[in-house]
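Notes follow the structure.
Numbers restart at 1 for each chain; the letters A, B, ... are given by sequence-line order, proteins then strands. Below, all heavy atoms of this structure are taken into account, side chains as well, without hydrogens, waters or symmetry copies.
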Protein chains: 2
Amino acid sequence: MALEHAILVSLDERSGSGYELAQRFEKSIGFFWPATHQQIYRTLKRMVDLGWVSGHEVTQDGRPDKKVYEVTEAGHGELARWLAAPGEPETIRHDLSVKVRGASLGDSTALIGEIARHRDLHAERLDVYLAIEKKDFPAPAALSGRRLHQYLVLRGGIRAEQALVEWCDEVLAAMREDDRR
Amino acid sequence: MALEHAILVSLDERSGSGYELAQRFEKSIGFFWPATHQQIYRTLKRMVDLGWVSGHEVTQDGRPDKKVYEVTEAGHGELARWLAAPGEPETIRHDLSVKVRGASLGDSTALIGEIARHRDLHAERLDVYLAIEKKDFPAPAALSGRRLHQYLVLRGGIRAEQALVEWCDEVLAAMREDDRR
DNA sequence: GGGAGTTATGCAACTAGTTGCACTGCACCC
DNA sequence: GGGTGCAGTGCAACTAGTTGCATAACTCCC
């Protein structure tokens, strides 16, 4: 499981509470490993039991208290172990492909609409990623270390969304053409 | 959930037993919606309860008996409903991206090896898909209906794997360059 | 003083997917 | 007759992820 490891990576960058982690997962890390606050709280608890992180209460004024977690020695060890360990390539589950495959069994106009909607959603995400690239990484050739790694992950998101948009366009063109005949 | 719907699509193409379905999921449908035989048997049972498929025992000689399932009226209705219904874009969970993001926290040589391994795995899959494209769809412009849809889904797999291979190459080049400095 | 909004944590119940094992029947080969 | 291997179905126990709800403290605005 990689949620633990995603949390370790994130906490290593900067210690934080469950709530803060959940927010980070809304963007950046969450782009390629989404998680809800429930999952994060539960996992943090498990990670404390495993000794990978330690948490301590922080009293705040003006807002409720929180528990801030940081990575322990053991946590760093586990992270290093996991980074070097071989993993399976992702098993992708692509709903829309199942729908395209079954297209002849339903209303093709409705499905074309659904695909167009997904195309736009992916185009939107792509724009978000491209904006981040432009703003945060104006000179990629000069990057190194952690900043380089962040950039490379973003590049993965860009490539994936680009591929999806282009695929949707291909599907739309072919299905509309087929409908006309 | 789409496993039910993936099974409906597959059974609509051709009725079959749980075992046969599991084999189909090893290829074609399973490329973008993997499922084990366990999941398939359990889901088929649930689908019988829902009235979406009906199963009957088939006695065979030379091999064990089997239960062959086919899609019912209600199953076709559900499939049509689902095809037109809006769905969420996939939540991708990409392990390797988490690893790249955490690269500075472990042994970079080992991680580069791991990425190279994934690159090759994806390149292999891509070759498989390209071989199918060449063999089964030599004249894509002439396709229509179900055959066209199968082709389009294959195109999605090709684009996805291509994007992954290219991304791995980009990551490898950048990380090796960064290591040298 | 009352409601909406944000920060903050969590339980309970559910659905989905994985892993390991168990059983049957038959064929085919040594 | 003994091993391997394929066809065929399934249970049990587990891990992972989702959804709905509950609660608390504090701010800001009407």
Side-chain angles (χ1 to χ4, degrees), chain A residues 1-8 11 15-26 29-30 32-50 53 55-69 82 87-95 98, chain B residues 1-8 11 15-27 29-30 32-50 52-53 55-69 82 87-95 98:
Chain A
M1 219 271 280
L3 178 54
E4 281 95 335
H5 302 104
I7 289 176
L8 285 175
L11 279 183
S15 298
S17 68
Y19 188 83
E20 284 163 338
L21 277 170
Q23 281 179 312
R24 290 186 217 168
F25 272 77
E26 285 295 297
I29 301 253
F32 48 91
W33 203 281
T36 61
H37 76 276
Q38 298 300 342
Q39 240 179 304
I40 291 168
Y41 283 124
R42 230 177 329 128
T43 305
L44 279 171
K45 201 159 282 181
R46 205 189 322 143
M47 290 169 76
V48 170
D49 293 342
L50 289 165
V53 297
H56 54 278
E57 295 261 347
V58 173
T59 14
Q60 305 189 107
D61 52 66
R63 54 181 61 176
D65 299 351
K66 62 178 177 181
K67 278 182 221 161
V68 170
Y69 295 90
W82 176 75
E88 289 300 298
E90 297 310 306
T91 45
I92 37 91
R93 289 202 160 82
H94 203 234
D95 230 62
V98 180
Chain B
M1 219 271 280
L3 179 55
E4 281 97 333
H5 301 103
I7 290 176
L8 285 175
L11 279 183
S15 298
S17 67
Y19 188 83
E20 283 163 338
L21 277 170
Q23 281 179 311
R24 290 185 217 168
F25 271 77
E26 284 295 297
K27 39 185 174 53
I29 302 254
F32 47 92
W33 204 281
T36 60
H37 74 277
Q38 298 300 342
Q39 239 179 306
I40 290 168
Y41 283 125
R42 230 174 332 126
T43 304
L44 279 170
K45 201 159 282 180
R46 204 186 326 142
M47 291 169 76
V48 170
D49 293 342
L50 288 165
W52 295 354
V53 297
H56 54 276
E57 294 260 349
V58 172
T59 15
Q60 304 188 107
D61 52 67
R63 55 181 63 175
D65 300 350
K66 62 179 175 179
K67 279 181 219 160
V68 170
Y69 294 90
W82 176 76
E88 289 300 298
E90 297 311 307
T91 45
I92 37 92
R93 289 204 161 80
H94 202 234
D95 230 59
V98 180

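Taking the nucleotide of DNA chain D with the nearest heavy atom to each of B/Gln38 and B/Thr91, the more 5' of the two is matched to B/Gln38.
Looking at residues two or more places apart in sequence or on another chain, you find a side chain to side chain contact (heavy atoms under 4.5 Å, CB included) between A/Pro89 and B/His118, B/Leu121, B/His122, B/Arg125. Residues meeting the side chain to side chain donor-acceptor pair (under 3.5 Å) test with A/His94, sequence neighbours left out: A/Ser97. For the side chain to side chain donor-acceptor pair (under 3.5 Å) test, residues two or more places apart in sequence or in another chain that qualify with B/His5 are B/Glu78. Every residue was checked against the salt bridge (charged side-chain N to carboxylate O under 4.0 Å, His left out) condition with A/Lys67, not counting sequence neighbours, and none meets it. Annotation: side chain to side chain donor-acceptor pair (under 3.5 Å) contacts of B/Arg93 (sequence neighbours excluded): none. Under the side chain to side chain contact (heavy atoms under 4.5 Å, CB included) criterion, A/Gln23 pairs with A/Tyr19, not counting sequence neighbours.
A nucleotide of DNA chain D counts as in contact with chain B when one of its atoms lies under 4.0 Å from a heavy atom; the first and last such, 5' to 3', are D/dA7 to D/dT18.
The line from CD of B/Glu57 to CG of B/Asp65 is 6.5 Å long, rounded to the nearest 0.5 Å.
Identified under the side chain to side chain donor-acceptor pair (under 3.5 Å) test for residues 38-49 of chain A, with sequence neighbours left out: A/Glu4-A/Arg46.
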Please write out the pairs of protein N or O atoms and N or O atoms of nucleotides 5-8 of chain C separated by less than 3.5 Å, giving the distance to one decimal.
residue	atom	partner	partner atom	Å
C/dT7	OP2	A/Tyr19	OH	3.2
C/dA8	OP1	A/Gln60	OE1	3.3
C/dA8	OP1	A/Gln60	NE2	2.8

